[in-house]
Enquirer: 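What follows is a structure written as structure tokens; I'll ask about it next.
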Amino acid sequence: MKISVIGSGFVGLSTGVGFAKKENDVILVDNDREKVNKINDGVCPFYEPELEDELVEQLYLGKIKATDDLQYAVLNSDISFICVPTPFGKKGIDLSYIEKVSKDLGMVLKDKNAYHIVVVKSTVVPETTERIVLPLLERFSGKSFGNYFGLCVNPEFLREGSALNDFLNPDRIVIGGIDEKSIDALKRLYKNFNSPIIVTDWRTAEMIKYVSNAFLATKISFANEIGNICKKLDIDTYEVMDAVGLDHRICREFLNAGIGFGGSCFPKDLSALIVKSESLRYEPKLLKEVLEINKKQPLRMVELLKERLGDLKDKTVAVLGLSFKPNTSDIRDAPSLKIVDSLLKRGCKVKAYDPKAMDDFKKMFPNITYCRNPRDALNGSDACLILTEWDEFKSLRDTDFGVMKNRLIIEGRRVLKGVKGCEGICW
Ligand code: NAD
């Protein structure tokens with residue numbers, strides 16, 4: 001099939017490269033010219049394992065290209081995936097990017113004679129497709145839905161750090177739609193993916209994405225609450241969760257206590273669902289508490305440091321890990337932002353190291369010391385905080401910490417084995 005993907009960020013680029021690998025012809029669209037040039041040069045604009053190699057391969061095969069010309073992309077494809085951001089704004093989800101693309105798409109569809117399918121892949125709160133995307137497409141194209149164009153919702157569940165693999169091997173594919181023609185086209189597009197396909201209506205598809213993220217976030221906050229209790233009782237919360245997670249109704253995934261969730265999805269999607277619920281005059285108490293626990297969890301790390309070290313003024317703290325999770329350069333809503341900010345406010349000197357996220361972190365915190373490796377960060381430090389479970393940190397040995405001035409190591413993620421003077425935020 002001929003596909004255009006509008007928005008070439010984490011989701012758009014992974015989607016485009018994934019569909020190209022599945023033998024489709026893909027045109028990526030982005031309004032950031034620099035990003036378009038990088039992609040056409042075979043450079044992934046962010047760190048994501050395997051994505052760049054596959055992008056280079058698909059560029060070589062001529063299956064993918066990038067442009068900032070939406071009209072060209074839509075006129076030369078049969079189906080367009082919308083993958084633009086849906087950040088959390090002041091009053092809930094910010095749909096301005098979705099609105100702009102819907103209008104622009106409508107204007108292009110006005111001049112297109114062939115049937116075209118629009119697919120909303122961005123995460124949007126229930127009712128967005130029927131109340132915002134559809135009316136804008138109809139108004140700006142002057143054409144009616146069903147006859148001249150189709151419209152589906154196809155939420156994306158990939159995880160940063162394993163984006164391409166997740167896109168190609170999803171646990172399920174959700175297609176929300178009401179017209180058979182576009183639903184059938186999407187089913188054909190996904191037919192050689194080895195995953196169950198669920199067909200439903202627009203708003204149910206939109207809700208499935210929110211409920212998935214809300215539930216995973218709830219598991220994390222639950223694990224952190226239990227972890228906080230276990231710590232006071234001197235019980236190893238990981239041992240508890242290993243046993244609890246063997247119950248197939250519960251499952252061990254997402255029960256690792258630590259400094260909480262971050263990233264571009266869980267916090268903003270949970271917040272958007274809360275605002276949506278309130279607009280329907282329902283107070284989602286549980287969801288609010290999930291966010292509240294998560295807000296406090298990173299700062300517990302600084303409180304623990306203060307308990308162990310006393311006054312933090314002028315203390316040198318090595319921070320290992322800045323990205324919100326391993327295998328990504330993404331620091332959006334990362335717990336490290338709150339922790340480093342709090343350390344600086346208390347007068348600490350921060351020496352940070354991350355394998356991939358330092359360039360982005362520097363833009364927000366230009367005045368801390370960035371190190372070339374973990375050893376540089378540890379050298380002469382009064383304490384070490386581990387904030388991301390990068391494999392590189394898993395291989396740190398007891399002797400590596402010998403260069404510290406004072407051996408106090410606090411893990412926000414459980415990575416170390418056999419290191420003396422080490423304790424966890426919840427263990
Ligand atoms: P992103 O910020 O990485 O990428 C969005 C891209 O859209 C950017 O490159 C931006 O330049 C481009 N863009 C914005 N407006 C545009 C326009 N009018 N025309 C063309 N390009 C435009 O965002 P992302 O992380 O890929 O997220 C996209 C959507 O997917 C969001 O709704 C998000 O919630 C959802 N999602 C994200 C993830 C994830 O892990 N990042 C996973 C599942 C779903």
Side-chain angles (χ1 to χ4, degrees), residues 4-18 27-39 44-49 51 66-74 80-89 92-108 118-125 128-129 132-133 136 140 153-167 170-174 205-206 208-210 212-214 216-217 261-273 323-325 327-334 360:
S4 50
V5 178
I6 305 160
S8 307
F10 282 94
V11 168
L13 187 56
S14 309
T15 299
V17 171
I27 305 174
L28 294 163
V29 186
D30 207 285
N31 57 4
D32 179 340
R33 186 75 226 166
E34 201 183 321
K35 207 172 257 189
V36 167
N37 290 339
K38 274 191 177 168
I39 293 171
C44 185
F46 45 86
Y47 175 71
E48 178 60 44
L51 195 55
T67 177
D68 59 359
D69 185 345
L70 179 72
Q71 184 176 30
Y72 165 81
V74 174
S80 295
F81 284 81
I82 300 178
C83 299
V84 294
T86 48
F88 188 69
I93 186 171
D94 171 3
L95 290 172
S96 57
Y97 296 90
I98 293 282
E99 286 167 0
K100 166 126 186 34
V101 171
S102 304
K103 284 180 200 166
D104 291 350
L105 268 171
M107 285 193 272
V108 178
V118 175
V119 183
V120 179
K121 198 173 243 320
S122 294
T123 304
V124 291
V125 285
T128 302
T129 301
I132 291 173
V133 180
L136 286 172
F140 283 84
V153 174
N154 172 221
E156 182 52 56
F157 300 94
L158 62 77
R159 296 161 298 173
E160 287 177 21
S162 51
L164 185 59
N165 187 47
D166 285 354
F167 175 80
D171 290 334
R172 72 304 206 190
I173 291 157
V174 176
E206 291 165 335
I208 289 169
K209 171 67 190 172
Y210 277 92
S212 300
N213 277 0
L216 293 172
F261 54 80
S264 69
C265 292
F266 287 2
K268 70 131 174 119
D269 290 348
L270 212 54
S271 303
L273 186 57
S323 57
F324 84 97
K325 64 186 228 176
N327 300 323
T328 178
S329 53
D330 201 346
I331 55 160
R332 289 178 285 183
D333 259 323
D360 285 339

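Note that the structure is predicted; figures quoted are calculated from it, not measured. Ligands are counted one by one from 1 in listed order, and the atoms in each one are counted from 1 as well.
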Enquirer: Relative to atom 31 (C) of ligand 1, which among Ile82, Thr86, Leu70 owns the nearest non-hydrogen atom?
Expert: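 Comparing heavy atoms across Ile82, Thr86, Leu70, the nearest one to atom 31 (C) of ligand 1 lies in Thr86.
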Enquirer: Provide the closest heavy-atom pair for Cys83 versus Gly7 in the form atom of the first, atom of the second, distance.
Expert: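 Here Cys83 and Gly7 meet closest at CB-O, 3.6 Å.
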Enquirer: What I want to know is whether Asp30 and ligand 1 share at least one N or O pair that is separated by under 3.5 angstrom.
Expert: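 Yes - when backbone and side-chain N and O of Asp30 are compared with those of ligand 1, one distance drops under 3.5 Å.
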Enquirer: Does the side chain of Phe81 come within less than 4.5 Å of Asn154's, by heavy atoms?
Expert: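 A side-chain contact exists here, since the closest heavy-atom pair is under 4.5 Å.
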Enquirer: Pick one of side chain, backbone, both or neither for how Val84 approaches ligand 1, counting any non-hydrogen atom pair under 4.0 Å.
Expert: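 Under 4.0 Å from ligand 1, Val84 contributes backbone and side-chain atoms.
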Enquirer: Just so I know, are the side chains of Phe261 and Leu216 near enough to count as touching, which here means a heavy-atom distance under 4.5 Å?
Expert: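 Heavy-atom side-chain distance check fails, nothing below 4.5 Å.
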Enquirer: For Glu160 and Arg332, which heavy atoms make the closest approach, and how far apart are they?
Expert: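 Glu160 and Arg332 have their closest heavy atoms at OE2-NH2, 3.4 Å.
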Enquirer: Tell me whether Arg159 has any N or O atom under 3.5 angstrom from an N or O of ligand 1.
Expert: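 No, no N or O pair falls under 3.5 Å.
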Enquirer: Could you tell me whether Phe140 atom CZ has more than 12 heavy atoms of other residues or ligands within 6.0 Å of it?
Expert: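 Yes, the 6.0 Å shell around CZ holds more than 12 heavy atoms from other groups.
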Enquirer: With heavy atoms only and a cut-off of under 4.0 Å, state how Lys209 meets ligand 1: side chain, backbone, both or neither.
Expert: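 For Lys209, the contact with ligand 1 is made by the side chain alone.
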Enquirer: Using heavy atoms and a threshold below 4.0 Å, how should the contact between Lys268 and ligand 1 be classified: side chain, backbone, both, or neither?
Expert: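 It is the side chain that touches ligand 1; the backbone stays farther off.
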Enquirer: Is it the case that Glu206 and Thr129 place a side-chain donor and acceptor less than 3.5 Å from each other?
Expert: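 Per modelled atom types, Glu206 and Thr129 side chains form a pair under 3.5 Å.
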Enquirer: Under a 4.0 Å heavy-atom limit, does Cys83 contact ligand 1 with its side chain, its backbone, both, or neither?
Expert: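 Under 4.0 Å from ligand 1, Cys83 contributes backbone atoms alone.
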Enquirer: Which ligand 1 atoms does Lys35 reach within 4.0 Å, using its non-hydrogen atoms?
Expert: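 Taking each heavy atom of Lys35 in turn, ligand 1 has 8 (C), 9 (O) under 4.0 Å.
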Enquirer: For atom 17 (C) of ligand 1, what is the nearest protein heavy atom, given as residue, atom name and distance?
Expert: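 That would be Asn31 ND2, 3.3 Å.
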Enquirer: Could you see which bit of Arg332 sits under 4.0 Å from ligand 1, with heavy atoms only: side chain, backbone, both or neither?
Expert: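 Side chain only.
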Enquirer: Which bit of Phe10 gets closer than 4.0 Å to ligand 1, counting heavy atoms only: side chain, backbone, both or neither?
Expert: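 Under 4.0 Å from ligand 1, Phe10 contributes backbone and side-chain atoms.
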Enquirer: Do Leu105 and Ile6 have side-chain heavy atoms sitting under 4.5 Å apart?
Expert: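 Result yes, sub-4.5 Å side-chain heavy-atom pair found.
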Enquirer: Do Val174 and Lys209 have side chains that approach each other closer than 4.5 Å (heavy atoms only, starting at C-beta)?
Expert: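 Not in contact.
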Enquirer: Glu160 versus ligand 1: do any nitrogen or oxygen atoms come within less than 3.5 Å of each other?
Expert: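 Between Glu160 and ligand 1, an N or O pair is found under 3.5 Å apart.
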Enquirer: Between Ser264 and ligand 1, which residue portion shows a heavy-atom distance shorter than 4.0 Å: side chain, backbone, both, or neither?
Expert: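 The part of Ser264 near ligand 1 is the side chain, not the backbone.
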Enquirer: Polar-atom distance check: Val11 versus ligand 1, any N or O pair below 3.5 Å?
Expert: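 Indeed, backbone or side chain, Val11 has an N or O that close.
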Enquirer: Between ligand 1 and Tyr97, is the shortest N or O to N or O distance under 3.5 Å?
Expert: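 No: no nitrogen or oxygen of Tyr97 is under 3.5 Å from one in ligand 1.
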Enquirer: Given side chains that start at C-beta, do those of Ile98 and Val84 come closer than 4.5 Å, heavy atoms only?
Expert: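 With C-beta onward as the side chain, the pair touches.
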